[in-house]
Trainee: 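The structure is given below, and queries will be raised subsequently.
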Amino acid sequence: MRLLDVQALDLRLDQLAHRRRTIPEIAESERLRAERKQLESDMITAETQVTDLTREQRKAEADVEQVRSRRTRDEQRLQAGQVGSPKELESLSHEIESLTRRQSDLEDVELDVMERLETAAARHDELRGQYTALEERIAEVERSRDAAFAGIDAESDQIRRERADTAAGVTDTLLTLYEKLRAQFGGVGAAALRQRRCEGCRMELDASYLTKIASTPDDTVLRCEECGRILVRTLESGV
């Protein structure tokens with residue numbers, strides 16, 4: 001009967017171990033961490049895009065400024081009357097017109113880059129906000145997970161102490177056999193005999209075997225003829 005108490009405590013420890021492995025916070029933490037990994041990748045992509053567009057914007061600004069400076073210089077020459085011949089005057093006028101069109105085109109390019117940079121920067125900021133919120137959520141879930149771990153571990157430690165005290169009353173030979181069978185049969189190495197049925201395999205025992213059990217001394221270690229587990233007689237055995 002003491003062995004059945006050990007078995008009950010071992011089953012409780014197995015249940016607690018299973019609960020520790022399967023608490024919802026574990027799966028949620030893993031899901032959130034995978035989401036964070038993807039978000040980190042998205043942030044790198046967004047940051048790279050912002051960097052590239054910033055560089056592109058600087059180039060566009062430099063191109064516009066170069067054309068603007070040249071056009072301003074030509075206009076100053078024209079206004080200052082520094083052009084000597086009609087042919088040179090015509091050439092300078094054409095150049096100014098060409099530079100004006102070129103400046104307009106480059107300013108359109110610059111505006112397009114600025115708009116794309118603004119969009120990319122906004123996206124990067126949005127991702128950073130999501131990342132911050134996700135970090136807070138991960139911390140919250142893992143605090144809850146760790147609290148659950150602590151509660152389960154404390155209960156397990158208490159049951160282990162109780163199990164050690166209970167097992168101290170079982171002979172080493174019987175305990176060794178029990179541990180071997182427990183490993184073999186999914187955590188159940190000993191079962192009660194109740195109402196002619198083994199509670200390990202849930203099978204009703206053969207009448208001839210029950211008769212044999214009835215005539216066996218109380219200190220004899222019995223085995224279920226169906227599943228092989230240690231069979232413990234009780235007041236409700238039916239034999």
Trainee: Using modelled atom types only, decide if a donor and an acceptor are shared between the side chain of Ser29 and the backbone of Ile26 within a distance under 3.5 Å.
Mentor: no
Trainee: Run the side chain to side chain contact (heavy atoms under 4.5 Å, CB included) check on Glu126 and Gln130 step by step: do they pass?
Mentor: CA-CA 6 Å; Glu126 178 186 1; Gln130 292 177 9; 3.4 Å; yes
Trainee: Tell me the closest heavy-atom pair linking Leu4 and Ala191, and the distance in Å.
Mentor: CD2-C, 3.7 Å
Trainee: Would a 4.5 Å heavy-atom cut-off, applied to side chains only, mark Arg197 and Leu205 as touching?
Mentor: no
Trainee: Is the number of heavy atoms from other residues, nucleotides or ligands under 6.0 Å of Glu118 CD greater than 12?
Mentor: no
Trainee: So, are Arg31 and Glu28 salt-bridged, with charged N and O less than 4.0 Å apart?
Mentor: yes
Trainee: Could you state the interatomic distance from CZ (Arg36) to CZ (Arg137), rounded to the nearest 0.5 Å?
Mentor: 14.0 Å
Trainee: Indicate yes or no: at least one non-hydrogen side-chain atom of Gln49 is less than 4.5 angstrom from one of Thr45.
Mentor: no
Trainee: Shared ILVMFWY cluster between Leu9 and Val6, side chains joined below 4.5 angstrom?
Mentor: no
Trainee: Does some side-chain heavy atom of Arg202 sit less than 4.5 Å from a side-chain heavy atom of Cys198?
Mentor: no
Trainee: Please round to the nearest 0.5 Å and tell me the distance separating atom CG of Leu210 and atom CD of Glu225.
Mentor: 7.5 Å
Trainee: Taking the side chain as every heavy atom from C-beta outward, state whether Arg101 and Ser98 have any pair of such atoms under 4.5 Å apart.
Mentor: yes
Trainee: How close do Gly187 and Leu11 get, heavy atom to heavy atom, and via which atoms?
Mentor: O-CD2, 3.9 Å
Trainee: Take Ile152 and Ile23 through the test side chain to side chain contact (heavy atoms under 4.5 Å, CB included) and record every step on the way to the result.
Mentor: CA-CA 10 Å; Ile152 293 170; Ile23 59 173; 4.1 Å; yes
Trainee: Is it true that Val170 and Leu177 fall in one hydrophobic cluster, defined by side-chain heavy atoms closer than 4.5 Å?
Mentor: yes
Trainee: Inspect the contact between Asp52 and Arg55 and indicate whether a charged nitrogen and a carboxylate oxygen are less than 4.0 angstrom apart.
Mentor: yes
Trainee: Using side-chain heavy atoms (C-beta onward) and a distance below 4.5 Å, is Val50 in contact with Leu53?
Mentor: no
Trainee: In this structure, would Leu235 and Leu222 fall into the same cluster of hydrophobic residues linked by side-chain contacts under 4.5 Å?
Mentor: no
Trainee: Counting C-beta onward and ignoring hydrogens, is there a side-chain heavy-atom pair between Glu107 and Leu111 closer than 4.5 Å?
Mentor: no
Trainee: Do Glu65 and Ser69 have side-chain N/O donor and acceptor atoms under 3.5 Å apart?
Mentor: yes
Trainee: Do Gln7 and Tyr178 have side-chain heavy atoms sitting under 4.5 Å apart?
Mentor: yes
Trainee: Please step through side chain to side chain contact (heavy atoms under 4.5 Å, CB included) for the pair Leu106 and Glu110, ending with a clear verdict.
Mentor: CA-CA 6 Å; Leu106 289 174; Glu110 181 184 16; over 6 Å; no
Trainee: So how far is it from Ile96 CD1 to Gln103 CD, rounded to the nearest 0.5 Å?
Mentor: 12.0 Å
Trainee: I'd like to know if Glu61 pairs up with Arg58 as an ion pair, taking the criterion as any Lys NZ or Arg NE/NH1/NH2 lying under 4.0 Å from an Asp or Glu carboxylate oxygen.
Mentor: no
Trainee: If Ile, Leu, Val, Met, Phe, Trp and Tyr residues are connected whenever their side-chain heavy atoms lie under 4.5 Å apart, and connections chain through other members, are Val221 and Ile213 in the same group?
Mentor: no
Trainee: How many angstroms lie between CG in Leu174 and CD in Glu179, if you round to the nearest 0.5 Å?
Mentor: 10.5 Å
Trainee: Does atom CZ (Arg102) have a neighbourhood of more than 12 heavy atoms from anything else shown, all under 6.0 Å?
Mentor: no
Trainee: State the OH-CD distance between Tyr209 and Glu204, to the nearest 0.5 angstrom.
Mentor: 14.5 Å
Trainee: With hydrophobic residues grouped by side-chain heavy-atom distances under 4.5 Å, do Val141 and Tyr131 end up in a single group?
Mentor: yes
Trainee: Any carboxylate oxygen within less than 4.0 angstrom of a Lys/Arg side-chain nitrogen, looking at Arg116 and Asp112?
Mentor: yes
Trainee: Would you call Arg33 and Glu40 a salt bridge, using N to O less than 4.0 angstrom?
Mentor: no
Trainee: Roughly how far, to the nearest 0.5 Å, is the CG atom of Asp42 from the CD atom of Gln38?
Mentor: 4.5 Å
Trainee: Ignoring hydrogens and geometry, is there a side-chain-to-backbone donor-acceptor pair from Ser104 to Thr100 under 3.5 Å?
Mentor: no
Trainee: May I ask you to say whether Asp153 pairs ionically with Arg20, meaning some side-chain N is under 4.0 Å from a carboxylate O?
Mentor: yes
Trainee: Do Asp14 and Arg182 sit within salt-bridge range, that is, some charged N less than 4.0 Å from a carboxylate O?
Mentor: yes
Trainee: Show your reasoning for whether side chain to side chain contact (heavy atoms under 4.5 Å, CB included) applies to Thr216 and Arg233.
Mentor: CA-CA 11 Å; Thr216 302; Arg233 284 170 284 191; 3.9 Å; yes
Trainee: Is any side-chain N of the basic residue among Arg160 and Asp157 closer than 4.0 Å to the acidic one's carboxylate O?
Mentor: yes
Trainee: Which atom pair, heavy atoms only, marks the closest approach of Leu127 to Ala46?
Mentor: CD1-CB, 3.8 Å
Trainee: Can you name the closest pair of heavy atoms from Leu175 and Ala167 and give their distance?
Mentor: CD2-CB, 4.1 Å
Trainee: Pairing donors with acceptors under 3.5 angstrom, does anything connect the side chains of Gln158 and Glu162?
Mentor: no
Trainee: Could you tell me whether Glu199 and Arg194 make a salt bridge, using a distance below 4.0 angstrom between a side-chain N and a carboxylate O?
Mentor: yes
Trainee: Do Arg223 and Arg229 make a side-chain contact, defined as non-hydrogen atoms from C-beta onward lying under 4.5 Å apart?
Mentor: no
Trainee: In terms of side-chain geometry, is the basic nitrogen of Arg71 or Glu95 positioned less than 4.0 Å from the acidic oxygen of its partner?
Mentor: no
